[in-house]
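Have a look at the structure below, then the notes.
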Amino acid sequence: MSTSLEVENRDKPIVTVLMSCYNERTYVSQSIESILKQSLDNFEFIIINDGSDDGTLDIIKKYSEKDERVRVISKKNTGLVHSLNIGIKYAKGEWVARQDADDVSEPNRLELQYEYAKQEGTVLVGSWCIAIGENGKQLRTHEYPTKHRGIVNNLENAKPCFPHSSAFYNKDIAVKLNGYRSQFTYAQDHDLWARMSKEGRVACLDKYLLRIRKHENTISKNNFSEQMLLNVANVTCMHERKLTGTDILEENPRCWPNRLDSLQSILEREKIFRTEDVLRRIKEVLYERKKIIRHAMHICKSLASIGVVKNITRMIFTSRGLLDNAISKSKSKMEGQ
């Protein structure tokens with residue numbers, strides 16, 4: 001299917017709402033209508049049809065025929081990251097508001113996030129959310145840190161952050177950072193938030209502005225282990241940028257497979273570790289033993305075929321006895337429970 005763009009000449013909108021759809025005919029109408037009923041109405045609504053073959057395209061086209069704010073981009077299936085980057089490219093708004101095709105925004109969501117985002121230095125605003133089931137009934141509520149430091153701390157430790165679908169961010173900053181990175185499939189939001197946090201203030205409104213739907217086809221449910229691995233990889237990138245000003249994807253993308261292999265082997269081999277235990281050991285090495293790290297990174301940079309984190313997490317952990325010591329302590333703790 002070829003890409004088609006029909007762009008109307010009208011005043012520049014404040015916000016671009018960005019949605020990507022792949023076979024979402026069951027929920028997409030409710031999701032679209034929740035945006036069209038927003039109290040802030042100066043927005044455009046870019047909907048990417050990512051190669052749907054279940055009638056989703058026909059549904060979203062009907063909305064574009066009725067409401068000129070809706071712009072449809074239809075293309076072959078290339079995945080969420082590529083779809084969102086296309087949307088950012090064509091966005092006219094100063095701000096981008098994300099929404100997944102099965103989620104529902106509260107009527108005042110855009111208004112409240114825009115009012116907060118106007119504060120000087122703000123680049124990203126999320127919100128608390130309510131989880132709903134397939135039938136729309138409430139399952140539970142989710143709250144997250146609201147201030148910059150708390151959000152960054154969660155990102156640095158692979159802890160929960162506000163949902164991607166609640167994000168409201170500065171388009172120019174997203175473009176400056178080259179948008180979402182394809183290497184972080186299933187964790188592309190946390191990677192972008194981490195990089196945005198270095199460009200300005202990030203925040204999360206303490207209001208339930210999004211209803212996020214849980215069902216059998218949810219991406220996070222079907223790809224949990226890979227998402228966990230990529231969140232750990234995101235943490236290592238954050239620590240690298242703190243130490244060196246750059247990360248492996250910016251400096252030597254060819255080493256990325258080595259990094260994932262190394263982190264995967266640690267997570268699989270040391271099954272007694274919870275994710276946060278692995279991250280704590282990495283963090284201790286990176287921050288408490290900076291001289292060792294700088295020396296190791298110098299060695300790693302001279303070995304283009306070997307990933308930085310592969311050396312850090314394996315060579316240093318092993319050589320300093322940190323990993324063995326952590327395993328011993330963890331086993332003792334478990335045996336004593």
Side-chain angles (χ1 to χ4, degrees), residues 78-82 85 155-159 177-195 197-198 219-220 223-327 330:
T78 57
L80 181 61
V81 170
H82 182 247
N85 283 335
L155 290 169
E156 287 180 342
N157 292 280
K159 293 181 179 179
L177 297 172
N178 296 314
Y180 297 93
R181 299 200 285 191
S182 60
Q183 293 89 344
F184 281 95
T185 306
Y186 311 128
Q188 68 283 329
D189 50 345
H190 283 197
D191 171 61
L192 183 56
W193 306 164
R195 289 181 289 132
S197 70
K198 304 298 292 183
I219 289 178
S220 58
N223 302 281
F224 176 77
S225 25
E226 185 171 358
Q227 187 177 54
M228 183 185 72
L229 172 63
L230 290 169
N231 278 330
V232 174
N234 175 48
V235 170
T236 66
C237 283
M238 291 183 73
H239 294 324
E240 276 182 357
R241 289 192 294 269
K242 278 190 174 184
L243 287 170
T244 68
T246 186
D247 64 42
I248 191 172
L249 282 176
E250 296 168 346
E251 186 172 297
N252 193 347
R254 291 180 302 168
C255 292
W256 184 248
N258 288 338
R259 161 164 299 185
L260 293 185
D261 287 346
S262 175
L263 294 175
Q264 182 73 48
S265 68
I266 291 175
L267 291 174
E268 290 180 351
R269 185 176 68 247
E270 313 306 338
K271 292 181 181 180
I272 57 174
F273 280 118
R274 297 173 301 170
T275 305
E276 54 264 37
D277 293 327
V278 177
L279 292 173
R280 186 176 67 253
R281 304 314 301 168
I282 293 173
K283 195 170 183 179
E284 286 179 2
V285 171
L286 286 170
Y287 286 97
E288 295 177 11
R289 305 176 188 279
K290 290 183 179 180
K291 290 183 180 180
I292 301 172
I293 291 298
R294 291 194 184 104
H295 177 66
M297 292 185 75
H298 176 74
I299 296 173
C300 294
K301 288 177 181 178
S302 67
L303 301 172
S305 62
I306 301 178
V308 173
V309 166
K310 182 175 181 178
N311 285 270
I312 291 175
T313 56
R314 288 185 132 166
M315 291 169 54
I316 297 181
F317 276 13
T318 302
S319 65
R320 301 297 299 183
L322 290 175
L323 190 57
D324 291 339
N325 185 49
I327 292 171
S330 182

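Within the 4.5 Å cutoff, the side chain of Asn85 has no heavy atoms near those of the His82 side chain. With a 4.5 Å cut-off on side-chain heavy atoms, Glu250 and Glu240 do not count as touching. Under the 4.5 Å side-chain criterion, counting only non-hydrogen atoms from C-beta, Lys242 is in contact with Glu156. With contacts defined as side-chain heavy-atom distances shorter than 4.5 Å, the pair Asp191/Tyr180 does not qualify. Residues Leu230 and Leu260 are in side-chain contact: their nearest non-hydrogen atoms beyond the backbone lie under 4.5 Å apart.
Nearest approach of Asn234 to Leu155, heavy atoms of both residues: ND2-O, 4.4 Å. Closest heavy-atom contact between Ala158 and Val235: N-CG2, 3.7 Å. Listed here is the closest heavy atom pair of Cys237 and Ile248: SG-CG2, 4.3 Å. Arg241 approaches Ala194 most closely through the heavy-atom pair NH2-CB, 3.6 Å. Nearest heavy-atom pair across Pro253 and Leu249 is CG-O, 3.2 Å.
Put simply, CG on Asn178 and CZ on Arg195 are 7.5 Å apart, with the number rounded to the nearest 0.5 Å. For the atom pair OH of Tyr186 and CG of Leu229, the computed distance is 12.5 Å after rounding to the nearest 0.5 Å. Atoms OG and CG, from Ser182 and Leu80 in turn, are 12.0 Å apart once rounded to the nearest 0.5 Å. Between the CG atom in Asp261 and the CH2 atom in Trp256 there is a gap of 11.5 Å [rounded to 0.5 Å]. Here the CE atom belonging to Met238 is positioned 8.0 Å from the NZ atom belonging to Lys198, to the nearest 0.5 angstrom.
The residues Arg181 and Asp247 are annotated as salt-bridged, a charged nitrogen and a carboxylate oxygen being separated by less than 4.0 angstrom.
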